[in-house]
Novice: 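For reference, the structure I am asking about is given below.
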Amino acid sequence: MKALCWHGKEKVQIDTVPDPVIQDPGDIILQVTSTAICGSDLHLYDGYVPTMEKGDILGHEFMGEVVETGAAVRTLEKGDRVVVPFPIACGHCFFCTHDQFSLCDESNPNKSLLDKMYGHGGAALFGYSHLFGGFAGGQAEYVRVPYADVGPLKVPDGLSDEQVLFLSDIFPTGYGAVEEAGVKPGDTVAIWGCGPVGQFAIQGAWLLGAERVIAIDRVPERLELARTKGRAETIDASEERVMDRLNELTDNRGPDLCVDAVGMEAHGVGTVDAVLDRVKQAVMLGTDRAHALREVIQACRKGGRVAVAGVYAGLIDKFPFGAAFGKGLTFTMGQCHAHKYLRPLLQRIQKGEIDPSFLITHRLPLDQAPAAYKTFRDKEDGCIKVVLKP
Ligand code: NAD
Ligand code: ZN
């Protein structure tokens with residue numbers, strides 16, 4: 001089959017590789033009908049996630065048709081159309097039974113590596129390095145899906161791939177970030193990053209009753225989408241001092257909930273911390289560029305909440321923990337427990353409360369994935385979300 005494979009920093013290509021096979025009775029094989037490129041894939045593309053190996057198949061946002069089922073699979077059969085959440089979860093460990101699917105104790109065969117880094121390692125993720133299990137991803141013609149009775153969601157008739165594909169990750173991630181942070185009616189929510197995750201955090205904030213949503217980025221078409229589709233007030237970080245503008249907009253109090261939908265490749269505009277981060281990341285002295293997260297902490301109101309949806313992988317310095325402590329902030333963060341949101345968000349789609357396909361700017365054959373990674377990373381050609389058709 002054809003698959004998009006990682007071959008090094010900024011090097012991805014379509015390779016011909018063996019078709020996946022059932023390895024465990026709980027597996028299914030999917031023929032992938034749609035798959036997307038995520039901001040998280042860019043961290044792999046840009047070489048910031050360790051333990052990638054040449055030939056690894058990327059992709060954790062995908063859906064398709066079941067073509068084979070393992071002997072123990074009970075809930076799915078050949079021909080079913082499913083969308084698959086990006087964390088791999090066993091469904092029965094302590095964490096899965098507490099709805100913390102991305103922290104699953106069982107799914108990651110390389111958990112001991114992650115235990116060394118984090119103290120306690122979490123779930124495996126599709127197509128996301130050997131640290132996170134070494135499972136092949138879904139930017140391919142076929143993919144093996146383990147624990148098939150736990151993750152995949154059967155797609156009801158009448159819904160197109162584009163309407164449900166983002167249940168695999170970015171819709172639950174953006175929505176879940178504000179939900180877990182406890183957004184409530186009357187809240188002013190500020191969201192850093194108007195990429196796919198930020199756009200769904202904006203939508204989530206409204207769906208959950210926020211009174212005001214302010215979105216921050218510096219890419220014009222992303223800010224535009226936040227204003228039009230997202231009905232958010234916007235701040236262009238390349239033109240305004242974000243902190244000053246947020247204070248102006250909130251009577252000097254700061255937003256109630258601040259969401260980092262940027263992650264470890266944040267851009268800073270000439271500030272000292274941003275320049276130092278870049279240098280340290282380049283020489284591997286620090287691994288994450290935390291410019292946005294620092295600003296989030298500074299800007300948040302006293303007693304407010306910070307939700308970190310953006311991915312961080314390793315070490316951050318010059319971290320304003322004193323400010324976080326002094327202001328009594330509450331933090332929520334982590335890989336989204338996507339499984340938990342599949343059904344509630346599917347219902348919102350079915351009721352017509354939201355059509356997630358508004359985000360798609362590029363629809364391409366899988367063959368064009370290598371060029372699409374670059375276009376998406378560099379935000380060229382108005383690119384906000386790429387959907388690939390194997
Ligand atoms: P993206 O790269 O398309 O979007 C990031 C956006 O942040 C860009 O529009 C960029 O211009 C903007 N940005 C950069 N620096 C900024 C700054 N200092 N202030 C404000 N905006 C800034 O990616 P995405 O797909 O939207 O993903 C965003 C983050 O969420 C990534 O780190 C990704 O890995 C992460 N993510 C997390 C989960 C999870 O489960 N927690 C799931 C999916 C993605
Ligand atoms: Zn993703």
Side-chain angles (χ1 to χ4, degrees), residues 35-46 48-49 58-62 84-87 101-103 122-123 125-128 132 137-139 165-177 180 190-202 214-226 234-238 240 242-243 246 258-271 273-274 277-278 288-296 299 307-313 332-338 341 359 361 373 375-379 383-386:
T35 172
I37 307 177
C38 177
S40 297
D41 293 324
L42 296 180
H43 306 320
L44 306 172
Y45 182 69
D46 290 333
Y48 292 124
V49 180
L58 301 186
H60 57 267
E61 301 184 0
F62 58 87
V84 179
F86 74 96
F101 297 94
S102 75
L103 303 175
L125 310 173
F126 286 101
Y128 215 74
F132 292 98
Q139 287 165 5
L165 174 62
F166 300 145
L167 287 171
S168 58
D169 178 349
I170 50 174
F171 185 17
T173 295
Y175 178 93
E180 298 224 344
I191 295 163
W192 276 251
C194 297
V197 172
Q199 299 290 342
F200 282 119
I202 295 171
I214 306 167
I216 302 141
D217 205 302
R218 54 179 205 172
V219 179
E221 61 274 13
R222 294 179 176 217
L223 288 166
E224 173 73 15
L225 188 65
T234 56
I235 301 177
D236 183 340
S238 67
E240 296 178 277
V242 174
M243 176 85 193
L246 282 172
C258 292
V259 182
D260 172 349
V262 177
M264 64 175 161
E265 295 186 57
H267 296 279
V269 194
T271 56
D273 71 307
D277 277 353
R278 217 168 239 290
D288 298 359
R289 300 202 305 259
H291 181 73
L293 184 54
R294 292 191 192 95
E295 199 166 67
V296 160
V308 187
V311 163
Y312 293 86
T332 45
M333 65 187 81
Q335 295 287 0
C336 177
H337 304 302
Y341 294 105
L359 198 65
T361 52
Y373 263 77
T375 306
F376 176 52
R377 198 266 318 263
D378 296 341
K379 300 164 183 68
C383 186
I384 298 179
K385 191 73 180 177
V386 181

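Indexing begins at 1, ligand by ligand and atom by atom, following the structure's order. Residues take their numbers from the sequence shown, with the count starting at 1.
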Novice: Do any N or O atoms from the side chain of D217 and from the backbone of C194 form a donor-acceptor pair under 3.5 angstrom?
Specialist: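 Yes, D217 side chain to C194 backbone: donor-acceptor pair under 3.5 Å.
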
Novice: Given the rule in the ring pair (Phe, Tyr, Trp, His ring centres under 6.0 Å) test, do F126 and F62 qualify, once you have shown the distances and angles that lead to the verdict?
Specialist: CA-CA 10 Å; F126 286 101; F62 58 87; 5.1 Å; yes

Novice: Spell out, as yes or no, whether a donor-acceptor pair under 3.5 Å connects the side chain of S102 to the backbone of Q335.
Specialist: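 Yes, the answer is positive, given that a donor and an acceptor are paired below the 3.5 Å cut-off.
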
Novice: Taking the six-membered ring for Trp and the full ring for Phe, Tyr or His, determine whether the centres of F86 and H60 are under 6.0 Å apart.
Specialist: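 Yes, close enough.
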
Novice: Determine, for E61 against K385, whether the closest basic-nitrogen to carboxylate-oxygen distance falls under 4.0 angstrom.
Specialist: yes

Novice: Provide the tally of protein N/O/S atoms nearer than 2.8 Å to the Zn ion (ligand 2).
Specialist: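 Count of protein N, O, S atoms less than 2.8 Å from the Zn ion (ligand 2): 4.
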
Novice: With a 3.5 Å cut-off and no angle check, do the side chains of D41 and Y128 form a donor-acceptor pair?
Specialist: no

Novice: Do Y373 and Y45 have their ring centres less than 6.0 Å from each other?
Specialist: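 For Y373 and Y45, the ring centres are under 6.0 Å apart.
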
Novice: For ligand 1, give me the residues whose heavy-atom distance to it is below 4.0 Å, by chain and number please.
Specialist: C38, G39, S40, H43, F86, D169, T173, W192, G193, G195, P196, V197, I216, D217, V219, R222, A261, V262, G263, A266, H267, H291, A292, A309, G310, V311, G334, Q335, C336, F376, K379

Novice: What do you reckon, are the aromatic ring centroids of F200 and Y175 less than 6.0 Å apart?
Specialist: no

Novice: Can a donor-acceptor pair be found, under 3.5 Å and without considering hydrogens, that links the side chain of T234 to the backbone of L223?
Specialist: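 No; zero donor-acceptor contacts below 3.5 Å.
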
